[in-house]
Amino acid sequence: MATHHTLHPWDMSPAEAVALQQELRELIQIQPLTQPATTIAGCDISFNKFEETVYAGIVVLRLDTLETIEEVGVVSTATFPYVPGLLTFREGPALLAAWEQLKIEPDVVMFDGHGIAHPRRMGIAAHMGLWLHRPTFGCGKSVLAGRFEEPAPTRGSWEPMIHRSATVGAALRTKDKVNPVFISPGYLIDLPGALDLTLRCHGGYRLPEPTRRAHLLVNALRREHLAPS
DNA sequence: GCGACAG
DNA sequence: ATCTTGTCGC
């Protein structure tokens, strides 16, 4: 099964988490993929409002056929609250637990959230890349940091996301006339590479298949947990 | 000081 | 994120 080494503890205050992100940002490497990817994983979390139980899931698919080749789900407990900019501290631990259950080691990982399109360049995709030692990028449904111009209405059109004079991601139209998604590299991949993979994962919906299937998986896991059959 | 603020 | 049905537009 997939493994990872301990990078840092998770039990800390929001202020300490911010300080840790400032240290970790120095480790981020944005560069073209060094190996062509064959498999891609999508990660997501689901939970009931006001409850601490979280359902984390990862779906692995082949990039050429978009066929699902593995999926794992775990039930865990979140201790950290949701704080904009500190999402990793709430969802990261559960996702790592799910990762440990994988038999396949995905070539690249897509997250529901941002990579370096973050106030401190340490969105969940960037942060998890450091833990997984693997190319990662984020596909968010809304913006956390940065500004952008509206991309043309046709699928494939995109406009850069600018934050403090730097291009940190892109607003990408994954389907004609639907709101764009926000793609940003996290680790060991660059923006062109992340955009290419996202478009290759099109299954007819606004959200790319890895993240979309992971979302369906964790919601199913949560509901069967409430109503066991 | 005020507004913004991934999931 | 989650709670939820129908409905307007392409």
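As a basis for the values below, the full set of heavy atoms in this structure was taken, side chains included, without hydrogen atoms, waters or symmetry mates. Proteins come first, then strands; the chains are lettered A, B, ... in the order of their sequence lines, and each starts at number 1.
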Handout entry: Electrostatic pair A:Glu150:A:Arg173 at N-O distance under 4.0 angstrom
Key =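 Result for this pair is yes, salt bridge flagged.
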For [X] and [N], give me the distance from atom [atom1] to atom [atom2], rounded to whole Å.
X	N	atom1	atom2	value
A:Phe182	B:dC5	CZ	C1'	14 Å
A:His127	B:dA6	NE2	C1'	15 Å
A:Leu216	C:dA1	CG	P	12 Å
A:Arg90	C:dA1	CZ	C1'	8 Å
A:Leu95	B:dA6	CG	C1'	13 Å
A:Phe148	B:dA6	CZ	P	13 Å
A:Tyr55	C:dT2	OH	P	11 Å
A:His114	B:dA4	NE2	C1'	13 Å

More than 12 heavy atoms from other groups under 6.0 Å of [atom1] on [X]:
X	atom1	answer
A:Asp64	CG	yes
A:Glu149	CD	no
A:Gln35	CD	no

Practice task
Could you name each residue pair satisfying ring-ring contact (aromatic ring centres under 6.0 Å, His included) that touches residues 41-86 of chain A, not counting sequence neighbours?
Solution key: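 Listed once each, the pairs are A:Tyr55-A:His225, A:Phe80-A:Phe89.
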Handout entry: Close approaches to DNA chain C from residues 40-49 of chain A, in residue order (heavy atom, under 4.0 Å)
Key = A:Ser46, A:Phe47, A:Lys49
Using a heavy-atom cut-off of 4.0 Å across all strands, would you classify [X] as base, sugar-phosphate, or nothing?
X	value
A:Leu86	base
A:Gly138	nothing
A:His215	sugar-phosphate

May I ask you to test the [X]-[Y] pair for a side-chain heavy-atom distance under 4.5 Å?
X	Y	answer
A:Leu188	A:Gln31	yes
A:Glu91	A:Thr88	no
A:Ile58	A:Val109	no
A:Leu86	A:Val18	yes
A:Arg147	A:His163	no
A:Glu71	A:Val60	no
A:Arg206	A:Lys141	yes
A:Glu105	A:Arg134	yes

Exercise for the section: Scan nucleotides 4-10 of chain C nucleotide by nucleotide, 5' to 3', and note B when protein non-hydrogen atoms come under 4.0 Å of the base, S if they reach only the sugar-phosphate, - if neither. Expected result: ------S
Tell me whether the OP1 or OP2 atom of [N] has a side-chain N or O from [X] closer than 4.0 Å.
X	N	value
A:Ser142	B:dC5	no
A:Arg120	B:dA6	no
A:Lys141	B:dG7	yes
A:Asn219	C:dA1	no

Exercise for the section: Convert the base pairs of DNA chain B into dot-bracket notation, remembering that pairs crossing earlier ones are written with [ ] and that bases paired across to another strand are shown as |; include only Watson-Crick or G-U pairs under 3.5 Å. Expected result: .......
Exercise for the section: Name all stems that contain residues of DNA chain C, defined as runs of 3 or more consecutive Watson-Crick or G-U wobble pairs, both distances under 3.5 Å. Expected result: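 Result, WC/G-U stems under 3.5 Å: none.
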Practice task
Assert yes or no for the condition that the ring centre distance of A:Trp131 to A:His133 is strictly below 6.0 Å.
Solution key: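 So the answer is no for these two rings.
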Problem - Linked hydrophobic residues, A:Leu197 as query - side chain contacts closer than 4.5 Å - result: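 Grouped by the 4.5 Å side-chain rule, A:Leu33, A:Ile40, A:Val59, A:Leu61, A:Leu63, A:Leu66, A:Val108, A:Met110, A:Phe137, A:Trp158, A:Leu172, A:Val181, A:Ile183, A:Ile189, A:Leu191, A:Leu195, A:Leu199, A:Leu207, A:Leu217 form the rest of the cluster around A:Leu197.
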